[in-house]
Peer 1: 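Please find one structure pasted underneath; my questions will follow.
In what follows, every heavy atom counts, from backbone to side chain, and hydrogens, waters and symmetry copies are set aside. Quick note: residue numbers are just sequence positions, from 1.
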Amino acid sequence: MRFSTPRRWTRPSELAFCAALLTGGAALADAGLLGDLGDPHLNVIPRTDDEAARVAAVTAPAESFDAPERFEERSAGAATVRARRNADAFSQPSGNISFEDELTFKVGNGLFRKIWVSAPSSTLASDGLGPLYNARGCQNCHIKDGRGHPPEGAEDTAVSMFLRVSVPADPGAEVPDIEGWIATEPDPVYGGQLQDFGLPGHAAEYRLDITYDEIEVPLSGGESASLRDPTYRAADLGYGPLSDGAMLSPRVAPQMIGLGLLEAVPAADILAGADPEDADGDGISGRAAVVWSVEHDGPMLGRFGWKAGNPTIKEQSANAFAGDMGLSSPLQPAVWGDCANAQSDCRAAPDGGDADGYEVTADGLDLVTFYSRNLAVPARRDMDDAAVLNGKRVFYETGCTACHRPKFVTHRLEDQPEQSFQLIWPYTDMLLHDMGEGLADERPEGRADGREWRTAPLWGIGMTEQVSGHATYLHDGRARSLLEAILWHGGEAQTQRDAVVAMEPADRADLIRFLESL
């Protein structure tokens, strides 16, 4: 990945944090580094000793691959839904949702699909868009609640993709009290992300320009693959040049399914998989993303976003409303969205704030959060097929499960029955991993450096084209197939990537079949 702007950043020492993390999540509090990385966003009923033993047994790695595991078809436990064969496969409510809460889900869906307009407007509940924005509605980016894609040719817009931007923070800048935090700040003119649309009288900030170079990769058995290596450019800048040292990172909208279940996984269970100094010598060094929660006013485990920059669905939603559409909410109260201090006309434009001053009310934010929390995961397909079972064996024996952890059991919860005590199969450890130079954006985010990404969940990945009308993968959509996505893996996953290149073609094909069944 290449950019047309220089990038630089510095990283503080984190040896103390790493040493604490090696002994598990509880050591964080003992070391006094990050406080209690618990789950303040959840009303948890603690597990009994018997339940903890059951969880350990049911989440143990598979040892036999001649038949599916018990409960494997139900990727999201009781929240799983039947796999539909149309584009609505990712748009169903949790399979265990109540009749009353299904109505709440549908109201939230209406807000998620809403098209926002500029202020002032007669449609008071829908005005406040912009003045600078990337999309007019949530579902414009999350196509059918699935993933976005890069623009396909000169005539296609980048509505489901944008560039984040930041610059190194000035020495002494105030930063969260989190060990290993890499200090950056928004570009003083363009803010934290580039918006490619503007209301009348407000110039768009840029046009996303992408060019690709093809890279041929020889594979075993006389096969080959072609990778497209992107170069990104912020063209047609509307407010002058980017700042010196500006760092850009391309992002496509991720799929939305299963978010509530990922939010309900105990932080301690995620932290237990972290191995920042590779103490077990397997070459995998997962690290926790720790971020500052605005809602809970303290450090929390990051779970959402390509670099796990948000701790909860609610904060992820509020930040998307602000950055993507310029809409304020109780967690992001600025009515001008991402407009920087230098964009005075943008900040002075009319807004759509209600009596409380917010364009997205507290109730509206809660409804969108509930909707996002309860987008269901479809059931597995063809999991007893011989090729799929062999592909699962290859997935395990190649070492892919070191990052794409198959199973968790969620917290038992007082007030979220849909997510409570479910065995789920997301195929992610939700940790940060060095993915190598090929995927590096060289733009740090919180504790994540320029080569690190959160392990993406794999559930539903085989339905991407059915839902979103395309089959592109990774954080910037460069991969046109699952095989291409694998071949871009480097860094901690270099050994696994090389094993896929060298394996028997039949095993490689079965590996892809397994991924398509998820």
Peer 1: Any heavy-atom pair between the side chains of Gln139 and Lys114 that's under 4.5 Å?
Peer 2: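 No; the side chains remain at least 4.5 Å from each other.
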Peer 1: What distance separates Met463 CE from Asn86 CG, expressed to the nearest 0.5 Å?
Peer 2: 8.5 Å
Peer 1: Taking side chain as C-beta onward, heavy atoms only, is Tyr371 less than 4.5 Å from Leu111?
Peer 2: no
Peer 1: I want to check something: taking the side chain as every heavy atom from C-beta on, are His41 and Asp39 in contact at a cut-off of under 4.5 Å?
Peer 2: yes
Peer 1: Could you tell me whether the side chain of Arg443 reaches within less than 4.5 Å of the side chain of Ser166, counting heavy atoms only?
Peer 2: yes
Peer 1: Are side-chain N/O atoms of Asp278 and Ser285 paired as donor and acceptor at under 3.5 Å?
Peer 2: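 Result is no, nothing qualifies.
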Peer 1: Any sub-3.5 Å donor-acceptor pair from Arg381's side-chain atoms to Glu516's backbone N or O?
Peer 2: yes
Peer 1: Could you check whether any side-chain N or O of Ser94 sits under 3.5 Å from a backbone N or O of Ala79, counting only pairs where one atom can act as donor and the other as acceptor?
Peer 2: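 No; zero donor-acceptor contacts below 3.5 Å.
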Peer 1: Side chains of Ser75 and Arg380: do they bring a donor and an acceptor to under 3.5 Å?
Peer 2: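 No pair is found: no donor N or O on one side chain lies under 3.5 Å from an acceptor on the other.
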Peer 1: Whether the side chain of Glu315 engages the backbone of Val294 through a donor-acceptor N/O pair (distance < 3.5 Å, no angle test) should be reported.
Peer 2: yes
Peer 1: Checking side-chain polar atoms at under 3.5 Å, does Ser517 have a donor or acceptor matched by the opposite partner on Asp382?
Peer 2: no
Peer 1: Between Asp88 and Lys144, is the closest basic N to carboxylate O distance under 4.0 Å?
Peer 2: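 Yes, this pair counts.
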Peer 1: Do His149 and Met161 have side-chain heavy atoms sitting under 4.5 Å apart?
Peer 2: no
Peer 1: Pair Ile486, Leu515 - check side-chain contact (heavy atoms from CB on, under 4.5 Å), show working.
Peer 2: CA-CA 11 Å; Ile486 293 169; Leu515 294 174; 3.9 Å; yes
Peer 1: With a 3.5 Å distance limit and no angle check, can you tell me whether Gln422 reaches the backbone of Ala78 through a side-chain donor-acceptor pair?
Peer 2: yes
Peer 1: Is a donor on one side and an acceptor on the other found under 3.5 Å between the side chain of His433 and the backbone of Trp453?
Peer 2: no
Peer 1: With no hydrogens and no angle check, do the side chains of Glu214 and Ser226 hold a donor and an acceptor under 3.5 Å apart?
Peer 2: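 A donor-acceptor contact under 3.5 Å links the two side chains.
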Peer 1: Parallel under 30°, tilted from 30 to 60°, perpendicular over 60°: which one fits the rings of His475 and Trp306?
Peer 2: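 Answer is perpendicular, since the angle exceeds 60°.
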Peer 1: May I have the step-by-step check of side-chain contact (heavy atoms from CB on, under 4.5 Å) for Val394 and Phe65, ending in yes or no?
Peer 2: CA-CA 10 Å; Val394 173; Phe65 304 98; over 6 Å; no
Peer 1: Please report, to 0.1 Å, the donor-acceptor pairs under 3.5 Å made by any side chain of residues 257-265, with sequence neighbours excluded.
Peer 2:
from: Glu263; atom 1: OE1; to: Arg373; atom 2: NE; distance (Å): 3.1
from: Glu263; atom 1: OE2; to: Ile313; atom 2: N; distance (Å): 3.0

Peer 1: So, Asp441 and Lys307, do they make that salt bridge, N to O below 4.0 Å?
Peer 2: yes
Peer 1: Under a 3.5 Å distance rule, please check whether Arg508 uses its side chain to pair with a backbone N or O of Ser220 as donor and acceptor.
Peer 2: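 Present.
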Peer 1: Main chain of Leu194, side chain of Asn134: is a donor-acceptor contact present, judged purely on distance under 3.5 Å?
Peer 2: yes
Peer 1: Just verifying a value: how many Å separate Phe304 CZ and Arg454 CZ, rounded to the nearest 0.5 Å?
Peer 2: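 The CZ atom of Phe304 sits 7.5 Å away from the CZ atom of Arg454.
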Peer 1: Would you call Arg47 and Asp269 a salt bridge, using N to O less than 4.0 angstrom?
Peer 2: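 The answer is yes: the pair qualifies as a salt bridge.
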Peer 1: Under a 4.5 Å cut-off applied to non-hydrogen side-chain atoms, are Ile284 and Asp275 in contact?
Peer 2: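 SC-SC contact between Ile284 and Asp275 ruled out.
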Peer 1: With a 3.5 Å cut-off and no angle check, do the side chains of Ser249 and Arg251 form a donor-acceptor pair?
Peer 2: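 Judged by distance alone, the side chains do pair up.
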Peer 1: Where is the tightest heavy-atom contact between Ser317 and Leu365, given as atom of each residue plus distance?
Peer 2: CB-CD1, 4.0 Å
Peer 1: Regarding Arg478 and Asp476, does a basic nitrogen lie under 4.0 Å from an acidic carboxylate oxygen?
Peer 2: yes
Peer 1: Decide yes or no for Trp425 and Glu72: does some side-chain heavy atom of the first lie under 4.5 Å from some side-chain heavy atom of the second?
Peer 2: yes
Peer 1: Do the non-hydrogen side-chain atoms of Asp101 and Phe370 ever get within less than 4.5 Å of each other?
Peer 2: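 Yes, close enough: below the 4.5 Å cut-off.
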Peer 1: Kindly give the heavy-atom pair with the smallest separation between Cys141 and Ser160, and that separation in Å.
Peer 2: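 So the minimum-distance heavy-atom pair works out to O-CB, 3.4 Å.
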Peer 1: Donor-acceptor pair, Gln466 side chain versus Thr464 backbone, under 3.5 Å?
Peer 2: no
Peer 1: Looking at Glu216, I want to see if its CD is surrounded by more than 12 non-hydrogen atoms of other residues, nucleotides or ligands under 6.0 Å.
Peer 2: yes
Peer 1: Evaluate the criterion side-chain contact (heavy atoms from CB on, under 4.5 Å) for residue pair Thr410 and Gln416; output intermediate values, then yes/no.
Peer 2: CA-CA 11 Å; Thr410 61; Gln416 291 178 220; over 6 Å; no
Peer 1: For Asn390, check side-chain hydrogen bond (donor to acceptor under 3.5 Å, both in side chains) against everything at least two apart and list the hits.
Peer 2: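 Per chain and number, Asn390 pairs via side-chain hydrogen bond (donor to acceptor under 3.5 Å, both in side chains) with Arg393, Asp507, Asp510.
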Peer 1: For atom CD of Glu504, decide whether the heavy atoms of other residues, nucleotides or ligands shown that lie under 6.0 angstrom number more than 12.
Peer 2: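 Incorrect, the count does not exceed 12.
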Peer 1: For the pair Phe321 and Val368, evaluate side-chain contact (heavy atoms from CB on, under 4.5 Å) and give the outcome as yes or no after the intermediate values.
Peer 2: CA-CA 10 Å; Phe321 273 125; Val368 169; 3.9 Å; yes
Peer 1: What is the minimum heavy-atom distance between Ala67 and Leu389, and which atoms define it?
Peer 2: C-CD2, 3.7 Å
Peer 1: Between Glu452 and Asp449 (side chain of the first, backbone of the second, donor and acceptor by atom type, cut-off under 3.5 Å), is there such a pair?
Peer 2: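 A pair under 3.5 Å: yes.
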Peer 1: Can you tell me how far OH of Tyr473 sits from CZ of Arg147, rounded to the nearest 0.5 angstrom?
Peer 2: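 One gets 7.0 Å once the value is rounded to the nearest 0.5 Å.
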Peer 1: Over 60° means perpendicular and under 30° means parallel, so classify the ring planes of Phe112 and His142, tilted if in between.
Peer 2: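 Answer is tilted, since the angle falls between 30° and 60°.
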Peer 1: At what distance, to the nearest 0.5 angstrom, does CZ of Arg233 lie from CG of Asp209?
Peer 2: 4.5 Å
Peer 1: For the residue pair Phe514 and Phe395, categorise the inter-ring angle as parallel (less than 30°), tilted (30 to 60°) or perpendicular (more than 60°).
Peer 2: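 Correct class here is tilted.
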Peer 1: Would you find a donor on one side and an acceptor on the other, under 3.5 Å apart, between the side chain of His411 and the backbone of Ala267?
Peer 2: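 Pair absent, no side-chain N/O of His411 close to backbone of Ala267.
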Peer 1: Show the nearest heavy-atom pair for residues Ala379 and Ala83, with the distance to one decimal.
Peer 2: O-CB, 3.7 Å
Peer 1: List the atom of Gly477, the atom of Pro150, and the distance in Å for their closest heavy-atom pair.
Peer 2: O-CG, 3.6 Å
Peer 1: Looking at CG of Leu301 and CD1 of Ile270, how far apart are the two atoms once the value is rounded to the nearest 0.5 Å?
Peer 2: 5.0 Å
Peer 1: For the CG atom of Leu248 and the CZ atom of Arg164, what is their distance to the nearest 0.5 Å?
Peer 2: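 Spacing of CG (Leu248) from CZ (Arg164) equals 12.0 Å.
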Peer 1: Looking only at heavy atoms, what is the nearest atom pair of Phe408 and Pro426, with distance?
Peer 2: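 Smallest heavy-atom distance, with atoms named: CD1-CG, 4.1 Å.
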Peer 1: Please report the C-alpha distance between Gln193 and Asp324 in whole Å, then the side-chain angles of each, then the deciding distance to 0.1 Å, and finally whether the side chain to side chain donor-acceptor pair (under 3.5 Å) criterion is met.
Peer 2: CA-CA 8 Å; Gln193 72 186 55; Asp324 301 351; 2.9 Å; yes
